[in-house]
Each structure stands twice: as C-alpha cells, then as structure tokens.
Amino acid sequence: MDKIVVKGGTPLKGRVAISGAKNAVLPIIAACLLAEGECRLEDTPHLADVDTMCGLVTELGMRVFPGQGSLTVINEGIKATEPPYEFVRRMRASFLVLGPLLARTGKVRIALPGGCAIGARPIDLHLKGLAALGAEIEVKNGWVEARARRLKGAQVYLDFPSVGATENIMMAAALAEGTTIIENAAGEPEIVDLANFINAMGGRVTGAGTRVIKVEGVKELRGTTHAVIPDRIEAGTFMVAVAATGGEAFLENVITTHLKAVIAKLTEAGAILTEENGGLWVRGELPLKAVDIKTMPYPGFPTDMQPQFMALLTVARGTSVITETVFENRFMHVHELKRMGADITIEGHCAVVKGTKKITGAQVKATDLRAGAALVIAGLVAEGQTEISCIHHIHRGYENLVEKFQALGADIRYQ
Ligand code: UD1
C-alpha cells in the first residue's frame, strides 16, 4: 500500500466529516508536558505525525492512551530531558517540546531539526525567544543545549510571525516568573487552540489570535479536558477537490471563519460556497476561472493550501499567478503537475499557471504532505489514471484521505 491510484473525471458528491487539526493537536500534546496529572484530548485525528508526537512524549516519561478519536496523556513527572534524535529528525514539530521541557526541568538537549523539502526552516526565532526569557542556549555539533533555573517573563519581538516559535515561547512563558509579551506573534487558529488549552490547564494567556500575545506565568498547571479544533487545511483540501471536479458536497465539522481566504479565492474562481449548520456546502461549476494567490501568515492565504489550489488552477480558464512568501522552496509539486500536462513556469517566488482544457494521468511522486494532496486533486480532475508514490507523506497529515474520497464517489484506491 505505498501507492494511491486515481482515475479522474468523477464529480465528487456527498458528505464528508473533517477531522481534528493536525497542527493544533501536535503542540497540544507537547503542552501536556507542562502539567502533572491527566489531560484528555478529544477530536484528535489518527495520523502518523500524531503517533510520532505521542511516541516522543512517551520517551520523555508520559503515558499516552489512544482512544476512538481521543488521547489521554498522563504526566507523572518528566523522566528524560533529551528528546531522541530519531523523533526530531522525523518530524520538525518535535522541536515544540523544547519550550515546555525547559520550563519544567530547566535543562534540555535537543537535536537541531533538519531542513526539509519545502525550505531551510531555521529555529532562530524559537531560540531568540527562549533566550529573552532567560535561557542560556548553546548550539553545537547539531544539538541545542538550553538551561534556565526559572524562566522570567520578558518582551519578545518575532522578526516573522512564526507559528512554531510563537507556540514554543507561549508554552515556556506559561510557567515563567512574571509576564511575557510576544509581539508580531503568529495568529493562526491553532495558536488560539493552544492558548485555550493552556488556559484550561490554569494558565493565563490573552491576545492569542492577534499579533500581540500576553502570557502571565503561573507556578503550576493541572490536567484538563480539551476538544481539538477541526482541521482547516483538510477542509480546504476537500473544498478545492469538490470544486475542481465540478462536484457538490457538504463538509461537516468546519469552522468557516478559519477559512476566509480559501473561501474568498474559491468564490473568485467561480465555486459556490454556503455555510450551513456547522458545515459548508461546496459546488463547483466548470470551468473555474483563473485567480492570483499570494501565501501569507494567517489570516492571509495559507501556504499549506497553495499546492492543492495550484492543482485546481491547472484546468481553470485563464492564467493565474501564485506567489509563495512563507517558504522559499515550496514548488516541488510543480514538476509533478507538469508531468500530468499542466502548463506552469516558475519565476523566483512565483508560479505562473496557464490553465489548460485538460490534464492527463501519469506516474507522480508526493514530495511532501500538501504536495501529495495536490497530486490527488490533480488525479481526480485528470483524464485517465494517476499513480501517486511516496504516500507516507500523505499519511502524516490526512486521516483516511482515500476512504473519504471514496465516500464522495471518487475512483481512488491504495495499491
Ligand atoms: C507551521 C505548520 C506548517 C505550516 C507553517 C506555516 C505545524 C506543526 N506546522 O510550521 O504546516 O506550513 O506553520 O503556516 O503547525 N522561520 C524562521 N525562523 C524560525 C522559525 C521559522 O526563519 O525560527 C521561517 C521558516 O523558515 C518559514 C517561516 O518562518 O519560512 C514560517 O515558518 P513557521 O511559521 O515557523 O512554520 P512552522 O511552525 O514550522
């Protein structure tokens, strides 16, 4: 089962339920390190990245019990302060344990996360923030060593509203002495979910969702129960797939305010979207129209939706310009889409997509998670059969993607 095979041409129809957000649950599992006791997380997706994060916190001394769409994390004390390299190498989000571990134990040794396909992805902002809270940080031989007796609240300005840096600093500051202000903080919905979780544990975080977050440190936090928000990127992926195939479907469990940019761009392309009872109707009327897209930090158009939207635009009427401003190398899927007959040229940070009447099935490779989703969408609209390899990338972040598309009538299967 290391390939997905799609036969294109079927308009998607029916209903699909969106799972809990990968990018919300990962930092929340890391935040369970902050409080002794039991945390029950609900609406959690079953994904390879979630397994990796659970494996990592287990190495650090937590006990994790997976349920049906839930996770219980029992923290009876942190037993290790050196997250194994194997985990940090496998998943960049592993670095999110740094802030909570440092706040709880005062001493952490963690490998530098490697670069990845979509860009260099440094961690300088994470480290600058923690240093501002009083941590002594040394980077040598590919490892970060951080020490602090007790972190102290401080003013932190982020040069870029990094999601991970905001989360790491917020978690560390939750147990620091005094107040921390994070300026130019990331405002993604996943940041708000993490702040809500910390507050439910007894923390004092305000301003999450805006560019300035205030964290008043408390002496200790306690276990709690928390339901994870729906995955806006999974929802966006299904919205684009339904529209691109000229289908009509209802997406359950969607917070539409988290998806304003994607909804605006799909509407501009000619799709019809209607909110109803905690979900969203999506209808595509073909051909869709070309639209220009520029990825930006939230509430701008999400970089995690750029590859999927590009797949849709390959068969739209007219020429679209896609500008990627968040990651420096996030056009790996272009080469694969071109193998399917798409007309795309890259000029620096821009991809110019000339819509064609049809693209055709081919053998292609998922180079990363969202690139993989883009190729599935391309396969759904292409004429003939598409075979997608390296689908472990897709399993990192989509729960039952193939099964959900099958339920919408797509001709898609594992091979
Ligand atoms: C998170 C998401 C990822 C999404 C990304 C941007 C998770 C688990 N992952 O990743 O799906 O694509 O946000 O929305 O939530 N940067 C620095 N220095 C740093 C940190 C980041 O220069 O210390 C740069 C990165 O190289 C990148 C940009 O900032 O160009 C955005 O990165 P960031 O927001 O930190 O993304 P992640 O938290 O890694």
Side-chain angles (χ1 to χ4, degrees), residues 20-31 45 47-50 52-53 56 87-88 90-99 110 112-132 137 139 144 146 156-172 182 184-194 211 228-229 231-234 236-237 258-259 261-262 294-309 323-333 349 368-374 393-394 396-398:
K22 168 179 91 73
N23 288 352
V25 75
L26 295 178
I28 286 174
I29 297 169
L47 303 167
D49 274 7
V50 173
T52 302
M53 190 56 108
L56 174 54
F87 289 91
V88 187
R90 209 184 313 158
M91 184 181 73
R92 181 181 160 85
S94 302
F95 205 70
L96 293 172
V97 300
L98 172 58
I110 183 168
L112 284 170
C116 73
I118 61 175
R121 298 179 90 173
I123 37 89
D124 55 319
L125 302 174
H126 299 238
L127 301 186
K128 262 166 79 177
L130 296 174
I137 295 175
V139 182
V144 176
V156 177
Y157 170 77
L158 296 179
D159 296 327
F160 182 87
S162 153
V163 173
T166 303
E167 291 168 344
N168 240 334
I169 298 163
M170 214 161 83
M171 289 188 277
I182 311 172
N184 202 27
E188 269 70 0
E190 293 75 20
I191 303 273
V192 178
D193 209 29
L194 176 62
R211 282 278 172 266
V228 175
I229 55 169
D231 196 310
R232 65 195 166 98
I233 306 300
E234 188 199 5
T237 303
H258 294 172
L259 279 153
V262 179
K294 189 173 188 177
T295 67
M296 305 270 263
Y298 188 85
F301 189 90
T303 174
D304 284 353
M305 280 303 301
Q306 179 261 103
Q308 302 90 312
F309 223 93
T323 310
E324 174 60 58
T325 76
V326 178
F327 289 109
E328 70 266 30
N329 187 25
R330 201 171 197 172
F331 285 139
M332 305 280 284
H333 44 286
H349 287 291
D368 64 71
L369 167 58
R370 307 304 171 186
H393 287 297
I394 295 178
R396 289 186 56 178
Y398 287 96

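Atoms within each ligand, like the ligands themselves, are counted from 1 in listed order. All values below were derived from every heavy atom in this structure, side-chain atoms included, with hydrogens, water molecules and symmetry-related copies excluded. Quantities reported herein were computed from a predicted structural model and do not represent experimental measurements.
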Would you check whether [X] has a nitrogen or oxygen atom less than 3.5 angstrom from a nitrogen or oxygen atom of ligand 1?
X    : result
D304 : yes
T303 : no
K22  : no
P122 : yes
E328 : no
E167 : no

Any side-chain heavy atom of Y298 sitting closer than 4.5 Å to one from H258?
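Yes; the side chains approach each other to less than 4.5 Å.
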Is it the case that the side chain of [X] and the backbone of [Y] share a donor-acceptor pair, with hydrogens and angles ignored and the cut-off at 3.5 Å?
X    : Y    : result
D193 : V228 : no
S94  : F87  : yes
N168 : G99  : yes

Show the atoms of ligand 1 that are less than 4.0 angstrom away from any heavy atom in [X].
X    : result
R330 : 12 (O)
V326 : 27 (C), 28 (C), 30 (O), 31 (C)
G164 : 35 (O), 38 (O)
I123 : 19 (C), 23 (O)

Quick one: which of R370, M305, E324, R92 has a heavy atom closest to atom 39 (O) of ligand 1?
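Looking at heavy atoms only, R92 sits closest to atom 39 (O) of ligand 1.
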Residue selection (non-hydrogen contact nearest atom 2 (C) of ligand 1) among N23, D124, V25:
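Among N23, D124, V25, the closest heavy atom to atom 2 (C) of ligand 1 comes from N23.
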Give the C-alpha distance, both sets of side-chain angles, the deciding distance and a yes or no for side chain to side chain contact (heavy atoms under 4.5 Å, CB included) between M305 and T237.
CA-CA 7 Å; M305 280 303 301; T237 303; 4.0 Å; yes
Would you call R330-D304 a salt bridge at under 4.0 Å N-O?
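Salt bridge present between R330 and D304.
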When you check the gap from the basic side-chain N to the acidic O, do R232 and E190 get nearer than 4.0 Å?
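Salt bridge between R232 and E190, a charged N being under 4.0 Å from a carboxylate O: yes.
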Yes or no on side chain to side chain contact (heavy atoms under 4.5 Å, CB included) for E234 and K22, after CA distance, side-chain angles and deciding distance?
CA-CA 9 Å; E234 188 199 5; K22 168 179 91 73; over 6 Å; no
What part of [X], side chain, backbone, both or neither, has a heavy atom within less than 4.0 angstrom of ligand 1?
X    : result
Q306 : neither
A165 : neither
E190 : neither
L125 : both

Using side chain to side chain contact (heavy atoms under 4.5 Å, CB included), reason through M171 and L194 one step at a time and then give a plain yes or no.
CA-CA 9 Å; M171 289 188 277; L194 176 62; 4.0 Å; yes
Where do H333 and R370 land on the side chain to side chain contact (heavy atoms under 4.5 Å, CB included) test, with the steps shown first?
CA-CA 9 Å; H333 44 286; R370 307 304 171 186; over 6 Å; no
